[in-house]
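I'd like to ask some things about the structure below.
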Amino acid sequence: MSILGTRVERREDPRLLTAGGTYVDDLREPELNGALHVTFVRSPLAHARITEIDTEEARALPGVVGVFTGADVDLPAFPPDSGISGPPPAAMERPHLARDVVRYVGEPVAAVVTETRAQGEDAAEAVSVDYDPLDAVVDVDDALRDEVLLFPEAGTNVTGTSGELDDSLFDDCEVVVREQVENQRVAAAPLEVRTAACAWSGEKVTLWLSNQNAQSCRDALMANLGLPREQVRVITPDVGGGFGAKIGVEQEAALLAFLAKRVERPVKWVENRSENLVAMTHGRAQRHVVTIGGRRDGTVQAYQLDIVQDVGAYPRMGAFLPLFTRFMVSGVYDIPQVRSRARAVVTNTTPIGAYRGAGRPEATAAVERAVDLFAAEIGMDPAEVRRRNLVRPEQFPYKTPGGMTYDTGEYVKGLDAVLEAADYQALRAEQAKRRAEGSTRQLGIGLASYVEITAPNNTEGETGHVEIRPDGSVLVLTGSSPHGQGHWTSYAMLVSDQLGIDLDKIEVVHGDTDLIPEGVGTMGSRSLQLGGSAVHRAAVDVKDKARKLAAELIEIDEADLELAEGRWQVRGTPNVALSWAELAAKAEDGLAADVHFTEDRPTFPFGSHLAVVEVDTETGKVDYLRHVTVDDAGVIINPVLTEGQRHGGIAQGAAQALLEEVTYDADGNPQNANLADYAFITAAELPSFELLTMETPTTLNPLGVKGIGEAGTIGSTPAVQNAVVDAVAHLGVRHIDMPTTPERVWRAINEA
């Protein structure tokens, strides 16, 4: 019986729950002995010209080894990340330390190097910076007007434009609905904040980073530091959460290499929580105008999405994310006429990066609100509108208006499974009863059907190495870089399934560019379908090599050999056998295999979510009662890991719908830069999720798997938002933007 598909407990957890993880701040590597601490002086203003930086008082304080400003740094600035219509203007480059102008609250202005962390806090306060305030641009509509420019030499705040709109799509529609929808800015807020450590050994630099992709970070550092590959090593130890915000190298981490070289000592940087909330990239931050049209029988004929992406102060990954939104614009629906346009603009706010789902949740949130608005306009049940417009199984592979080719899907089956499990008709009956009674506790039922793209960077592939050690244990090297997903468990299961070796004898190693020079990392729900497939293929190759070697040693035909209980034996004669250790000892060149696996195109997981909430119409308070989901990610390797990813994703998505939002005042000052003010969901606000199982394999990889890491986040947000609006729709409420806070719900009720 195969181990795949069974409930195997996470192999990572005993260490994490007993000894604890080893994060960057926990490192006690010999190379880091005597490490100094780096503290950053950050701008308190959103937009200002730096007129003077006085470091003399700070330099004189106890324990201060050095104070550095932008004028001291001779590294090239980071160029803008790729945009939606090619590179953004080159003038929008990102310095390690601001030189002439600061563009958001939290931008690093100076770096203080001290013997202890406490000394760094005191010295940073002693650095005196004079600013000449400039007008701030916070709202995307103001940014589009180009009246105040963040980069005057660029001549515009627009980093890119993609796509076109066409209102004539709706000429033949009986019903047309339009609404502006905010997909608000949120903070990743990982439990482990950003951390980095750095040490030089001769001309070679090693950086330890809390990051999602060691090899990509190494490549960026090579370019920035002007060093060849063999002189840069990046190690990612345990990583306490990433959610997309730890993709790529940070300017602070790159600066550490410069500082360590200058002070001739290893250095370490650990940001505090408030620093994290203003300086780590934020997510989402898109403004949508949705337009949907069709017939009164529920047929959707046309859909259009106008996207404005707030990029923040510098074009990082946020400048590219609207392309993913455009790719997935029509979601799970077979809509004949679809158009989309995206514009991305810089503002005087923290830069936007990837955040769990990265552009795809935004597309789903938009189209799922549009479908509910359309259903309300024609007076039809939103479940029925969805069912009538979903792509059918016989249409796969399905080419979308966004240019994607969906591999496999059973969208109607998934929706119907959720409706049945939730007893949808009984919920609607209870809702009707409460409305008829005029209850102050109204029931809301929200639906969302979604499809997402996973492993969008499929052509880059992923690497896997499987090696039998002399003692018969297995070493697995992977370019994937886990930060809580359970890669050790899933990859060990894949190897054990092929080689028959016990899980406890399989070691999985990641995140060290000296050991694993080639790799891409973990993002975009790519790990199992690419990294797992690479490890699986490497295990198959090792098995084939072992079979051939065993046949030669036993002097028998390969077809007469079988692998049973971890030993190669003659069929029917188990006493004539060779162990893995014996084979490894006899293999002249070792018993190992390397695989670089790529897919022809991405995969497209899908699902349906149903959320039930209760809204107090007198106070606007929302109670989140139930959540029923199908999240179909193809073949399930380990239900424990799959359910864990779904639980976390649903909680994160629901949090955006109900609570989370990073806010600024008109001058660009953050209004909630700590966890006392930033609303963070806890178990107390969450119901027990009702997870249904459905598996529609893909044909694009040997495992039949699709990504699962972001699925819950994508489906839950619009389901919960739709549920809140549905609870008060009978009072005349048409739409409520996220987060659906009590104040916002109360205002919507009273305005209606």
Side-chain angles (χ1 to χ4, degrees), residues 2 4-5 212-213 215 242 244 247 324 327-328 354 356-358 360 396-397 404-409 450-466 476-495 497-498 508 510 518-540 595-607 631-646 649 694-714:
S2 173
L4 303 185
Q212 298 176 216
N213 50 341
Q215 290 80 9
I247 296 173
F324 283 140
F327 289 159
M328 305 305 297
R356 202 168 189 170
R360 291 100 78 201
F396 289 90
M404 299 291 99
T405 300
Y406 296 169
D407 50 348
T408 57
Y450 74 91
V451 59
E452 66 151 325
I453 179 174
T454 58
N457 52 350
N458 57 297
T459 56
E460 296 179 14
E462 194 53 273
T463 57
H465 170 90
V466 174
V476 177
L477 303 178
T478 174
S480 295
S481 189
H483 37 282
Q485 292 88 344
H487 288 14
W488 186 317
T489 303
S490 55
Y491 291 3
M493 289 175 68
L494 294 171
V495 172
D497 180 63
Q498 287 299 318
V508 180
H510 75 279
E518 303 296 335
V520 176
T522 294
M523 72 289 292
S525 299
R526 72 191 308 276
S527 290
L528 189 58
Q529 65 193 85
L530 295 178
S533 292
V535 169
H536 163 78
R537 285 268 175 89
V540 170
V595 169
H596 180 234
F597 179 82
T598 61
E599 284 180 334
D600 292 336
R601 61 180 191 272
T603 63
F604 293 87
F606 65 91
D631 297 293
D632 190 322
V635 174
I636 295 174
I637 300 298
N638 185 341
V640 172
L641 301 180
T642 300
E643 290 165 9
Q645 288 297 301
R646 293 170 72 187
M694 200 169 120
E695 300 180 50
T696 306
T698 183
T699 59
L700 298 177
N701 63 65
L703 301 174
V705 300
K706 306 180 184 183
I708 190 61
E710 295 157 307
T713 321
I714 295 172

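Numbers here are sequence positions counted from 1. Being a predicted model, the structure only gives us computed values, none of them experimental.
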Task: Considering all heavy atoms, the nearest Ala633-Pro605 contact - done: CA-CB, 4.2 Å

Task: Validation row: Pro456, Phe327 side chains within 4.5 angstrom (heavy atoms) - done: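 Of all side-chain heavy-atom pairs linking Phe327 with Pro456, none is under 4.5 Å.
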
TODO: List the atom of Met328, the atom of Val451, and the distance in Å for their closest heavy-atom pair.
DONE: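 Residues Met328 and Val451, closest heavy atoms: CE-O, 3.6 Å.
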
Open item on the list: Any side-chain to backbone donor/acceptor pair from Glu710 onto Ser525? Under 3.5 Å, distance only.
Closed with: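 Indeed, once roles are kept as given, a pair shorter than 3.5 Å links the two residues.
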
Open item on the list: Closer than 3.5 angstrom, by distance alone: can the side chain of Glu462 be matched with the main-chain N or O of His596 as a donor-acceptor pair?
Closed with: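 Looks like no, no N/O pair under 3.5 Å.
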
Open item on the list: What I want to check is whether the side chains of Gln529 and Asn701 have a donor and an acceptor closer together than 3.5 Å.
Closed with: no

Task: Side-chain donor or acceptor of Gln212 paired with backbone N/O of Thr522 under 3.5 Å - done: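 Yes, because the side chain of Gln212 sits within donor-acceptor range (under 3.5 Å) of the backbone of Thr522.
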
Open item on the list: Using only atom types and a distance under 3.5 Å, with no angle test, would you say the side chain of Arg526 pairs donor to acceptor with the backbone of Gly461?
Closed with: yes

Open item on the list: Rounded to the nearest 0.5 Å, what separates atom CZ in Phe396 from atom OG1 in Thr699?
Closed with: 12.0 Å

TODO: Would you name the heavy atoms of Leu494 and Leu703 that are closest together and state the gap between them?
DONE: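 Taking every non-hydrogen atom into account, CD2-CD2, 3.8 Å.
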
- [ ] To the nearest 0.5 angstrom, please state how far the CZ atom of Arg646 sits from the CG atom of Leu641.
- [x]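 Rounded to the nearest 0.5 Å, the CZ-CG separation comes out at 13.0 Å.
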
Task: Nearest non-hydrogen partners of Thr454 and Gly707, listed with the distance - done: OG1-N, 3.3 Å

TODO: Say whether, by atom type as modelled, one donor and one acceptor occur between the side chain of Asp407 and the main chain of Thr603 under 3.5 angstrom.
DONE: no

Task: Closest contact, heavy atoms only, Thr405 versus Pro397 - done: CG2-CB, 3.8 Å

Task: Single hit among Val535, Thr489, Val476, Val495 for side-chain contact (heavy atoms from CB on, under 4.5 Å) with Val508 - done: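 The option that passes is Val476.
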
Open item on the list: I want to check something: taking the side chain as every heavy atom from C-beta on, are Leu4 and Ile637 in contact at a cut-off of under 4.5 Å?
Closed with: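 A side-chain contact exists here, since the closest heavy-atom pair is under 4.5 Å.
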
Task: Residue pair His487, Ser527: steps toward the side-chain hydrogen bond (donor to acceptor under 3.5 Å, both in side chains) verdict - done: CA-CA 8 Å; His487 288 14; Ser527 290; 3.0 Å; yes

Open item on the list: Please check this pair: side chain of Thr713 against backbone of Gly357, looking for a donor-acceptor N/O pair closer than 3.5 Å.
Closed with: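 The answer is no, because no donor-acceptor pair under 3.5 Å joins these two groups.
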
Task: Pair Asp632, Thr696: side-chain N/O donor-acceptor within cut-off below 3.5 Å - done: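 The answer is yes; a qualifying pair exists.
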
TODO: Please round to the nearest 0.5 Å and tell me the distance separating atom OG of Ser480 and atom CG of Leu530.
DONE: 7.5 Å

Open item on the list: Could you go through Ser481 and Asn213, starting from their C-alpha distance and side-chain angles, then the distance that decides it, and tell me whether this counts as side-chain hydrogen bond (donor to acceptor under 3.5 Å, both in side chains)?
Closed with: CA-CA 6 Å; Ser481 189; Asn213 50 341; over 6 Å; no

TODO: Output yes when a side-chain donor or acceptor of Asn638 lies under 3.5 Å from a complementary backbone atom of Ser490, and no otherwise.
DONE: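 Here the side-chain-to-backbone pair does not exist.
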
TODO: Answer whether the closest heavy-atom distance between the side chains of Ile708 and Ile636 falls below 4.5 Å.
DONE: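 Heavy-atom side-chain distance check fails, nothing below 4.5 Å.
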
- [ ] Compare all side-chain heavy atoms of Phe324 with those of Glu452 and state whether any distance is below 4.5 angstrom.
- [x] no

Open item on the list: For the backbone of Ile714 and the side chain of Arg360, can you confirm whether one donor and one acceptor N or O come within less than 3.5 Å of each other?
Closed with: no

TODO: Would you sort out whether Lys706 and Thr408 count as a side-chain hydrogen bond (donor to acceptor under 3.5 Å, both in side chains), showing the intermediate values?
DONE: CA-CA 10 Å; Lys706 306 180 184 183; Thr408 57; 2.8 Å; yes

Task: Reported CD-to-CD distance for the pair Glu518 and Glu460, which is rounded to 0.5 angstrom - done: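 Going from the CD atom of Glu518 to the CD atom of Glu460 covers 11.5 Å.
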
- [ ] For Val595 and Ala534, work out which heavy atoms get closest and say how close.
- [x]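 Where Val595 meets Ala534 most closely, the heavy atoms are CB-O, 3.6 Å.
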
TODO: Hey, could you give me the CG/OG1 distance between Asp631 and Thr642, rounded to the nearest 0.5 Å?
DONE: 10.0 Å

- [ ] Mind checking the CZ-OG1 spacing from Arg601 to Thr459? Nearest 0.5 Å is all I need.
- [x]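 So the gap between those two atoms works out to 14.0 Å.
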
